[in-house]
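Reviewing the structure listed below.
Note that ligands are numbered from 1 as they come in the structure, with each ligand's atoms numbered from 1 the same way. Below, each value reflects all heavy atoms present in this structure, side chains not excepted, and no hydrogens, waters or symmetry copies. Numbers here simply count residues along the sequence, with the first being 1. This structure is a prediction, so every number in the text was calculated from the model and none was measured.
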Amino acid sequence: MGLLSQGSPLSWEETKRHADHVRRHGILQFLHIYHAVKDRQKDVLKWGDEVEYMLVSFDHENKKVQLVLSGEEVLETLQEKGERTNPNHPTLWRPEYGSYMIEGTPGQPYGGTMSEFNTVEDNMRQRRKEATSLLKENQALCTITSFPRLGCPGFTLPEFKPNPVEGGASKSLFFPDEAINKHPRFSTLTRNIRHRRGEKVVINVPIFKDKNTPSPFIETFPEDEEAAKASKPDHIYMDAMGFGMGNCCLQVTFQACSISEARYLYDQLATICPIVMALSAASPFYRGYVSDIDCRWGVISASVDDRTREERGLEPLKNNNYRISKSRYDSIDSYLSECGEKYNDIELTIDKEIYEQLLQEGIDHLLAQHVAHLFIRDPLTLFEEKIHLDDANESDHFENIQSTNWQTMRFKPPPPNSDIGWRVEFRPMEVQLTDFENSAYVVFVVLLTRVILSYKLDFLIPLSKVDENMKVAQKRDAVLQGMFYFRKDICKAGGSAVVDGCGQARNSSELAAEEYTLMSIDTIINGKEGVFPGLIPVLNSYLESMEVDVDTRCSILNYLKLIKKRASGELMTVARWMREFISNHPDYKQDSVITDEMNYSLILKCNQIAHELCECPELLGPVFRKVKYSGSKTDPSN
Ligand code: GLU
Ligand code: MG
């Protein structure tokens with residue numbers, strides 16, 4: 001989840017003293033990169049996915065499942081046997097926030113040919129197999145977005161009691177520091193966010209009110225003043241970064257052929273984020289309760305919200321420079337392409353000095369304000385050995401701020417002195433249970449970028465409407481119930497819109513309000529006669545014009561079918577399927593409580609589905625698979 005430096009981490013007070021230094025040099029590093037590569041052209045499409053995994057252990061006798069805190073060990077072996085032994089190894093592994101998490105990517109990026117779409121799923125399978133082969137008896141590697149009993153007593157193996165003391169990382173009543181990855185970056189981030197904010201983070205997720213859920217639903221925390229004050233009635237209260245960053249997601253990064261193509265894709269895909277997030281909804285349960293949301297987004301957003309009371313507008317500004325309207329983990333605040341400019345209707349807080357400096361260096365207004373907005377944030381971690389850097393050849397200070405702005409999209413300049421091009425990262429998706437589903441979502445998004453570029457599509461709407469969509473997207477069953485602002489005519493961009501601006505298609509007097517309307521996800525994805533063509537039909541017509549081998553076409557069609565049916569409601573989202581599983585569980589008392597035993601049955605079932613040991617047509621449809629797994633470490637017949 002970001003830059004990993006080695007060394008001695010500084011406390012918040014020390015980091016704060018260096019904040020201006022980090023920002024100043026971060027900007028110089030950005031300028032070096034920008035000037036060196038702003039005119040790079042003709043980089044080819046390359047792309048890659050990132051899947052985050054959880055390690056779980058089943059106790060079949062006591063019907064309990066726990067998160068195993070062995071991520072660091074498993075990662076070490078994966079890297080040793082993989083990339084360190086063979087630079088062309090087909091998988092790459094990285095640490096993630098939880099000590100029970102790891103992250104896997106393909107060893108090399110995928111290229112631009114259609115047949116690459118046919119290798120994504122095999123690579124994901126290989127990752128699952130590689131990591132699974134290192135696990136102990138009764139352990140499994142799961143792709144679940146949020147672990148339903150995260151933060152409940154004894155949720156880790158080995159078990160640890162939270163120790164809510166000031167000197168610790170989270171100071172959480174529920175999430176022990178031992179569940180945080182041991183790399184000092186992660187605990188330092190956690191502690192420094194809390195210290196910068198001046199209090200523990202506060203996450204309140206609305207509880208799902210079932211027949212027997214107490215109303216109002218109130219939890220009391222008599223021993224903890226902070227929790228007593230922060231927890232809200234009818235909400236599930238959480239108090240640690242781990243409740244957010246301890247969730248898993250699915251991300252895709254693309255290399256564009258030039259900076260302007262990257263900026264265009266960044267903008268176009270930003271409008272798609274809420275739609276695909278709702279389609280990928282997979283996280284309905286928190287801290288042992290059934291919630292009323294389906295997506296993790298707002299939870300993570302609150303879990304890393306380092307803004308002070310002044311910055312959040314609760315107290316007059318005295319020690320801080322700005323009011324800041326969003327957490328560091330949130331949706332983007334400005335479009336980057338010229339076409340996007342007229343839809344930039346969110347008030348943007350920027351560091352004015354940095355903005356002026358960037359303009360003076362020849363950077364245009366849109367890019368300058370984007371960077372000046374990211375740089376209103378303080379660095380959250382700093383390593384003593386990494387304060388003084390070579391700005392012409394290193395980018396750690398730039399990355400420090402950049403990689404702790406966790407937004408729906410990320411615009412990524414090339415690393416210094418590398419042959420990597422300008423990239424964008426698509427970050428809103430929730431991870432799915434199976435490699436088939438994860439491949440489907442990834443291929444759908446990558447295909448969409450091909451279509452956007454080939455047909456010069458235009459999805460832009462005012463950014464404030466994208467933000468409204470983000471709110472709707474997280475609600476329970478948003479995929480079927482939610483209405484989303486979407487552009488009516490997506491074929492309107494001028495011929496040379498991508499590179500040269502917006503062509504003649506727009507004139508400023510055009511009323512933006514007439515350009516978009518509220519649509520269901522079914523309409524957006526599948527189309528509706530006379531209203532909207534639908535993204536899948538557009539993708540299909542693109543595919544018809546492409547040379548694609550039969551096997552690849554068949555895989556792609558299966559993937560698009562999944563997306564299509566999830567959008568129409570013919571198939572369930574993971575979130576909906578999990579809700580039904582729990583509500584049909586014989587132990588469920590319709591009181592919104594998920595017991596250890598219910599959690600065990602659910603995760604066991606998820607693992608069986610992931611290993612194709614049982615069918616799940618309501619979630620996946622009738623899928624015909626090409627490869628079969630050869631067993632998992634957990635025998636489901638137990
Ligand atoms: N796990 C985080 C999420 O679910 C993302 C962390 C990262 O940026 O890698 O969005
Ligand atoms: Mg990650």
Side-chain angles (χ1 to χ4, degrees), residues 1-4 48-55 67 71 75 78 91-106 124 127 131 141-147 150 175 179-181 183 185-186 189-190 193 201 203 205 238 240-253 273-274 276-278 280-286 293-305 326-332 374 377 380-381 399-412 423-432 438 441-442 445 470 473-474 574-575:
M1 56 173 260
L3 181 72
L4 284 181
D49 66 84
E50 286 161 62
V51 179
E52 295 172 347
Y53 301 88
M54 287 188 192
L55 307 172
L67 293 170
L75 176 70
L78 284 166
T91 63
L92 278 179
W93 295 93
R94 293 292 172 260
E96 251 307 334
Y97 182 84
S99 191
Y100 51 86
M101 290 164 81
I102 49 174
E103 177 179 294
T105 65
M124 286 187 187
R127 277 176 245 169
L141 180 82
C142 284
T143 39
I144 40 179
T145 295
S146 67
F147 185 73
L150 193 79
F175 193 98
I180 303 174
N181 188 308
H183 188 290
R185 165 178 158 89
F186 298 101
L189 262 178
T190 311
I193 285 176
V201 294
I203 310 160
V205 170
M238 293 170 278
M241 178 167 171
F243 282 107
M245 284 298 184
N247 294 330
C248 293
C249 70
L250 173 68
Q251 295 163 337
V252 197
T253 300
C273 287
V276 179
M277 185 170 72
S280 71
S283 46
F285 309 138
Y286 297 91
I293 60 168
D294 273 359
C295 293
R296 76 199 190 292
W297 193 264
V299 176
I300 310 190
S301 179
S303 84
V304 290
D305 190 352
K326 288 181 187 170
S327 161
R328 306 172 77 112
Y329 185 106
D330 218 310
S331 47
I332 67 157
L374 299 182
R377 309 285 174 174
L380 289 172
T381 55
E399 285 299 330
N400 188 328
I401 306 286
Q402 155 97 335
S403 74
T404 50
N405 271 278
W406 297 279
Q407 297 180 320
T408 37
M409 296 295 304
R410 188 176 283 157
F411 176 67
K412 300 170 92 163
R423 291 165 300 162
V424 291
E425 185 179 353
F426 185 79
R427 304 172 43 83
M429 291 191 284
E430 311 233 308
V431 76
Q432 310 293 298
N438 287 318
Y441 281 81
V442 163
V445 173
M470 280 299 288
Q474 301 173 53
V574 176

Would [X] count as being in polar contact with ligand 1, using the rule that some N or O on each side must be under 3.5 angstrom apart?
{"X": "Asn247", "value": "yes"}
{"X": "Glu96", "value": "yes"}
{"X": "Arg427", "value": "yes"}

Quick one: does [X]'s side chain get under 4.5 Å of [Y]'s, heavy atoms only?
{"X": "Tyr53", "Y": "Arg127", "answer": "yes"}
{"X": "Leu189", "Y": "Met241", "answer": "yes"}
{"X": "Leu250", "Y": "Tyr441", "answer": "yes"}
{"X": "Ser327", "Y": "Val304", "answer": "yes"}
{"X": "Glu425", "Y": "Glu50", "answer": "yes"}
{"X": "Phe411", "Y": "Ile332", "answer": "no"}
{"X": "Asn181", "Y": "Glu96", "answer": "no"}
{"X": "Val201", "Y": "Ile193", "answer": "yes"}

Interfacing atoms of ligand 1 (cut-off 4.0 Å, heavy-atom, [X]):
{"X": "Ile300", "result": "3 (C), 4 (O), 10 (O)"}
{"X": "Tyr329", "result": "3 (C), 10 (O)"}
{"X": "Cys249", "result": "2 (C), 3 (C), 4 (O), 5 (C), 10 (O)"}
{"X": "Gln251", "result": "5 (C), 7 (C), 8 (O), 9 (O)"}

State the atom name: nearest N, O or S atom of [X] to the Mg ion (ligand 2).
{"X": "Glu96", "value": "OE2"}
{"X": "Glu52", "value": "OE2"}
{"X": "Glu103", "value": "OE1"}

Specify side chain, backbone, both or neither for Glu430, according to which of its non-hydrogen atoms lie closer than 4.0 Å to ligand 1. neither
